[in-house]
Amino acid sequence: MKIASWNVNSLNVRLPHLQRWLQEAAPDVVGLQETKLEDHRFPDAALAELGYRSVFHGQKTYNGVAILARQAPQAVQIGIPGFADTQARAIAATVGELRIVDLYVVNGQDVGSEKYAYKLRWLDAVHDWLADELKTYPNLVVLGDFNIAPDDRDVHDPQLWNADHILTSSAERAALQRLLALGLHDGLRLHTQEGGLFSWWDYRQAAFRRNLGLRIDLTLVSDALRPHVQAAGIDTTPRSWERASDHAPAFVVLD
DNA sequence: ATGGTCGCTGGGCGA
């Protein structure tokens, strides 16, 4: 069971990449972020041709999340329950024996900004939601673009990406640790302690070629699923394709 | 990183 997370940065532009990657990597479940598509424009028919059922929550121009699965997703939750949000950033569904939560965490722009405050509020709401989800669904996978690099192994330059910088600030990392403390585990870190494994590289400065990246796309598994993790990683191949997303897919394999 | 790139949109914002 291969479960992946991929910020496609416009599914309209990246549909050919997604189709190619689904065929080459053959994931069973995929959480997408930044689809940037209203629901009536979601390419569910094209994805069904490849054997994937889709559920999605999108909007015009920004944000947008979706879950693709070979089995039909059930009990779909759109948005964070009880948290009024004009931005389409969260979707959850049951796929077979697994509960999948797909998140496009707020970027936050700059530490101290209004968007940063929204990011921290948003992560608080996610915390309470996941606490409830775990009670109902012990077999929980939480994946997405977290817009937080968990620790210094996950950034190319810890001097730059420091405790006062967006995506690596103390409060953001503390918010992530608070999610993990619910009984969730960073899938990649169950598999390797290696640093320099990145999932996002800025379009500018030839960052991908120079491997100036961050690991901000995560696949978290619950306590109950932890013993079933067989592998985890980041597939950097699609990041090298022509007109690539700035993110690569992160994945975890469960037995 | 005071931004050199993208995507969406139609000038400037968000990342």
Side-chain angles (χ1 to χ4, degrees), chain A residues 5-21 31-43 46 56-66 79 85-90 102-123 126 143-150 152 154-173 175-176 198-218 234 236-250:
Chain A
S5 174
W6 193 8
N7 180 323
V8 292
N9 186 17
S10 170
L11 186 51
N12 186 42
V13 172
R14 233 66 69 185
L15 179 59
H17 294 62
L18 177 61
Q19 290 170 310
R20 177 178 171 185
W21 188 73
L32 301 177
Q33 305 87 37
E34 285 206 86
T35 55
K36 301 185 178 179
L37 287 178
E38 292 176 287
D39 290 345
H40 71 272
R41 295 186 57 212
F42 194 89
F56 37 86
H57 172 39
Q59 65 187 109
K60 197 175 174 183
T61 312
Y62 302 118
N63 310 310
V65 285
D85 199 348
T86 59
Q87 305 191 11
R89 295 181 172 276
D102 178 29
L103 304 176
Y104 175 44
V105 176
V106 178
N107 174 287
Q109 197 162 52
D110 288 302
V111 172
S113 68
E114 183 50 50
K115 290 188 177 75
Y116 184 75
Y118 167 52
K119 181 176 195 172
L120 297 177
R121 281 200 310 277
W122 197 90
L123 287 164
V126 166
L143 51 76
D145 176 357
F146 280 72
N147 270 316
I148 302 171
D152 285 353
D154 303 312
V155 306
H156 66 89
D157 181 356
Q159 305 270 46
L160 171 60
W161 297 95
N162 58 44
D164 300 311
H165 200 288
I166 195 68
L167 311 189
T168 51
S169 73
S170 305
E172 291 167 87
R173 283 177 165 169
L176 176 59
F198 305 135
S199 66
W200 172 81
W201 302 259
D202 200 302
Y203 281 124
R204 296 166 287 193
Q205 303 289 108
F208 181 64
R209 180 178 59 72
R210 301 159 66 202
N211 200 28
L212 305 180
L214 304 181
R215 188 173 70 93
I216 55 178
D217 300 274
L218 310 178
I234 298 163
T236 58
T237 307
R239 185 63 179 81
S240 70
W241 294 343
E242 194 74 23
R243 209 179 182 190
S245 169
D246 45 353
H247 294 252

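Values below: all heavy atoms of this structure, side chains included; hydrogens, waters and symmetry mates excluded.
Under 4.0 angstrom from either OP1 or OP2 of B/dG7 there lies at least one side-chain N or O belonging to A/R14. Distances shorter than 4.0 Å separate some side-chain N or O of A/S10 from OP1 or OP2 on B/dC8. For B/dC8, the OP1/OP2 oxygens have no side-chain nitrogen or oxygen of A/K60 closer than 4.0 Å.
Position along DNA chain B of the nearest nucleotide to A/K36 versus A/G108 favours A/K36 as the more 5'-ward residue. Two residues, A/N7 and A/H156, neighbour DNA chain B, and the one matched to the more 5' nucleotide by heavy-atom proximity is A/H156.
Across all strands, A/R209 comes closer than 4.0 Å to no nucleic acid atom at all (heavy-atom distances). Contact annotation for A/Y104: backbone-only contact, meaning every heavy-atom pair under 4.0 Å involves sugar-phosphate atoms and none involves a base.
Distance, A/H165 NE2 to B/dG3 P: 13 Å, rounded to whole Å. If you take CZ of A/F208 and C1' of B/dA15, they are 18 Å apart, rounded to a whole angstrom. The distance from atom CD of A/Q87 to atom C1' of B/dA15 is 12 Å, rounded to the nearest whole Å. Computed from coordinates, the A/W161 CH2 to B/dA1 C1' distance equals 9 Å when rounded to whole Å. Counting to the nearest Å, the C1' atom of B/dG14 and the CG atom of A/N9 are 10 Å from each other. Atom P of nucleotide B/dG7 and atom CG of A/N63 are separated by 17 Å, given to the nearest angstrom. Between A/E34 atom CD and B/dT5 atom C1' the separation is 14 Å, expressed in whole Å. In this structure, the CG atom of A/L160 is 14 Å from the C1' atom of B/dT2, given to the nearest Å.
Looking at A/Y104, its side chain never comes within 3.5 Å of a backbone N or O of A/N147 through a donor-acceptor pair. In terms of modelled atom types and a separation under 3.5 Å, the side chain of A/S169 and the main chain of A/I166 share no donor-acceptor contact. Using a distance-only test at 3.5 Å, with no hydrogens or angles considered, a donor-acceptor pair links the side chain of A/Q33 to the main chain of A/G31. A/R14 places no side-chain N or O within 3.5 Å of a backbone atom of A/N7 that could act as its donor or acceptor partner.
Taking atom P in both B/dA1 and B/dC13, one finds a spacing of 23 Å when rounded to whole Å. Nucleotides B/dG12 and B/dG4 are separated by 15 Å at their P atoms, to the nearest Å.
Sorted by residue number, the members of residues 237-249 of chain A with any non-hydrogen atom under 4.0 Å from DNA chain B read A/R243.
Residues passing the side-chain hydrogen bond (donor to acceptor under 3.5 Å, both in side chains) test with A/R173 are A/D152, sequence neighbours excluded.
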Going through the checks in order, is the ring-ring contact (aromatic ring centres under 6.0 Å, His included) test met by A/W21 and A/W6? CA-CA 11 Å; A/W21 188 73; A/W6 193 8; 5.4 Å; yes
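Because its NZ or CZ atom is not both nearer than 6.0 Å to the ring centre of A/F198 and within 45° of the ring axis, A/R215 does not count as a cation-pi partner of that residue.
Using bins of under 30°, 30° to 60° and over 60° for the plane-to-plane angle, the ring pair A/W201/A/F208 lands in the perpendicular bin.
Checked against B/dC13, B/dG3, B/dC6, the side chain of A/Y203 finds its nearest nucleotide in B/dC6.
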